[in-house]
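One structure is given below, encoded as structure tokens.
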Amino acid sequence: MGAKIPELAVEKSMNQMLEATGYTRIHQGKVRDTYRISDKFLLVIATDRLSIFDFVLPVLIPGKGAVLTALTHYWLTQVFADYPHHLVNAGGDLGLNAVHELKHELPELDFRRCLVVKDLSNEMLDFEMIFRHHIGGSVYKKYLETGTAGGHKLPLDLPKWSKLDTPIFTPSTKENVGHDINVDAQYFFEKTGPKGKATVAMLQEIYKLAYAIAALKGIRILDTKFEGTLTTIADEILTPDSSRFVDNSDWETAMLEKRDPDFLDKEPVRIWGKSVETDFDVTGINKLDPVNQEHTAFVHSLGIPQDIITTTTNRYNNIFKRITQGTVIDLMVKNGC
């Protein structure tokens, strides 16, 4: 069972509309809802939901789903079109026919938040494939203790968020509830064999190229995660929900000041979440357990300040514009979505 999702009226209405048309929701994630539209294709809708610390908050971030969708669309069609991926909006008669049929049947659906993809559900790896060009995040504590991250031996005494000469692969398990578990790269390769090594090599190449492209626009992608099969990229890629984006100038200042850089994503919500006085003698949602029903009910009762919602909305829009030099609407119209 996945994370508990607070019921919001606008999303309930969308689900009822889709199921009335005959499309069944087969998965509800923290952000994305997946519907079966044929024996070969799925409809993935990136909602405006927001999650922190494995809790889904009772709030929508206007336009967030459209940004995640369009940014994924940008990378897979404008930059990495030659790599195997699950998106069918951008090519193939069968895929395009599926999109056109959906638009005819559901003209009121916001297709800026929708991707039609190949059904790879029976092939998806039970791992998140994480790559880091900077040492930090969830592996940093172990690095300080052992000098390793994901099984990779690194130079000692690297300050947090130091740039590594080459991106390292630090996979984790995918847990339906609670925190994912970091594992060594060797464990991943033992489970996936030669195809796993080939997949990692491909994704590392993609990350290196994306890192270079973002750097030209004054952005560093400190780390990123991919999901997929042993042959195909799936889910979102290189978005603020799957990657840490920072301004290059702020990263340089942060290294001098020995602090975390300002992550260009939902960081204002995380900061707010850590300051919330709870009913459980602790301060901070990050101190609560998403498996505990009382803790989840408490989080779902919270009101998120409007200024934080507005700031977060602006961050998602700005990172998209900086990466693509365009707008969500521009890109989706250009590609016929």
Side-chain angles (χ1 to χ4, degrees), residues 51-54 127-173 175 178-188 200 203-204 206-208 210-226 238-276 282-288 311-312 315-316 318-319 322-323:
S51 68
I52 57 171
F53 311 124
D54 295 312
F127 292 94
E128 291 191 339
M129 294 169 281
I130 302 167
F131 295 82
R132 304 175 189 273
H133 218 325
H134 295 255
I135 183 65
S138 63
V139 300
Y140 192 66
K141 182 179 179 181
K142 185 171 184 180
Y143 161 73
L144 291 177
E145 296 171 350
T146 66
T148 65
H152 305 276
K153 191 70 176 177
L154 300 176
L156 297 178
D157 301 321
L158 290 175
K160 193 177 184 183
W161 302 118
S162 293
K163 185 174 184 289
L164 304 173
D165 291 337
T166 302
I168 59 173
F169 175 53
T170 62
S172 74
T173 62
E175 303 297 323
H179 300 292
D180 297 331
I181 301 171
N182 293 328
V183 296
D184 287 352
Q186 186 58 37
Y187 177 81
F188 174 88
V200 167
L203 295 175
Q204 188 173 46
I206 287 173
Y207 176 40
K208 284 182 178 179
Y211 188 95
I213 290 171
L216 293 174
K217 299 167 183 180
I219 295 170
R220 290 183 183 247
I221 307 176
L222 301 184
D223 53 35
T224 194
K225 69 178 180 180
F226 297 94
L238 298 159
T239 75
D241 274 15
S242 67
S243 315
R244 283 189 178 94
F245 294 95
V246 300
D247 278 306
N248 184 57
S249 59
D250 183 62
W251 172 79
E252 292 174 346
T253 302
M255 295 302 295
L256 292 173
E257 296 178 352
K258 298 181 180 179
R259 61 168 173 83
D260 285 344
D262 183 19
F263 305 123
L264 302 177
D265 60 354
K266 54 189 174 185
E267 186 65 13
V269 187
R270 295 192 195 97
I271 293 171
W272 165 81
K274 290 178 181 179
S275 72
V276 171
V282 295
T283 298
I285 297 171
N286 55 311
K287 303 287 182 62
L288 302 182
T311 298
T312 304
R315 284 182 171 229
Y316 277 85
N318 289 338
I319 195 66
R322 290 183 65 180
I323 292 290

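In this text the structure is predicted, and so the values were computed from the model without any measurement.
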Close side-chain approach of [X] and [Y], heavy atoms under 4.5 Å:
X: F226; Y: I206; answer: yes
X: I135; Y: L154; answer: yes
X: R322; Y: D247; answer: yes

Inter-residue atom distance [X].[atom1] - [Y].[atom2], 0.5 Å rounding:
X: H133; Y: R220; atom1: NE2; atom2: CZ; answer: 9.0 Å
X: I168; Y: R132; atom1: CD1; atom2: CZ; answer: 7.0 Å
X: D265; Y: D241; atom1: CG; atom2: CG; answer: 7.5 Å
X: S162; Y: D157; atom1: OG; atom2: CG; answer: 10.0 Å
X: D250; Y: M255; atom1: CG; atom2: CE; answer: 12.0 Å
X: I271; Y: K266; atom1: CD1; atom2: NZ; answer: 13.5 Å

For the student: nearest non-hydrogen atoms of [X] and [Y], plus distance:
X: G273; Y: I52; value: CA-CD1, 4.1 Å
X: P261; Y: W161; value: CD-CD1, 3.5 Å
X: F127; Y: V183; value: CE2-CG2, 4.2 Å
X: A210; Y: I221; value: O-CD1, 3.8 Å
X: G147; Y: L156; value: CA-CD2, 4.1 Å
X: P171; Y: F188; value: CG-CB, 3.9 Å

Taking atom types as modelled, find out whether [X] and [Y] have a side-chain donor-acceptor pair closer than 3.5 angstrom.
X: N182; Y: S172; answer: no
X: D223; Y: Y207; answer: no
X: H134; Y: Y211; answer: yes

Practice task
Please assess F131 against V200 for the test side chain to side chain contact (heavy atoms under 4.5 Å, CB included), listing each intermediate value before the final yes or no.
Solution key: CA-CA 9 Å; F131 295 82; V200 167; 3.9 Å; yes

Exercise for the section: Please assess L222 against F263 for the test side chain to side chain contact (heavy atoms under 4.5 Å, CB included), listing each intermediate value before the final yes or no. Expected result: CA-CA 9 Å; L222 301 184; F263 305 123; 3.8 Å; yes

Problem - W251 and F245 aromatic centres sub-6.0 Å - result: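 Not close enough - the centres of the two rings lie 6.0 Å or further apart.
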
Problem - Backbone N/O of G218 and side chain of N248: donor-acceptor pair under 3.5 Å - result: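 Side chain of N248 to backbone of G218, a donor-acceptor pair under 3.5 Å: no, none is there.
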
Exercise for the section: Measure from the side-chain N and O atoms of S243 to the backbone N and O of P240, and report whether any donor-acceptor pair falls under 3.5 Å. Expected result: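 No, S243 side chain to P240 backbone: no donor-acceptor pair under 3.5 Å.
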
Exercise for the section: May I have the step-by-step check of side chain to side chain contact (heavy atoms under 4.5 Å, CB included) for I219 and V246, ending in yes or no? Expected result: CA-CA 6 Å; I219 295 170; V246 300; over 6 Å; no

Should [X] and [Y] count as an ion pair when the cut-off is N to O under 4.0 Å?
X: R270; Y: E267; value: yes
X: R315; Y: D262; value: yes
X: D260; Y: K160; value: yes

Exercise for the section: Look at atom NZ of K217 and say whether more than 12 heavy atoms of other residues, nucleotides or ligands are closer to it than 6.0 Å. Expected result: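 More than 12 heavy atoms, drawn from other residues, nucleotides or ligands, come within 6.0 Å of this atom.
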
Practice task
Step by step, work out the side chain to side chain contact (heavy atoms under 4.5 Å, CB included) result for L164 and H152.
Solution key: CA-CA 12 Å; L164 304 173; H152 305 276; over 6 Å; no

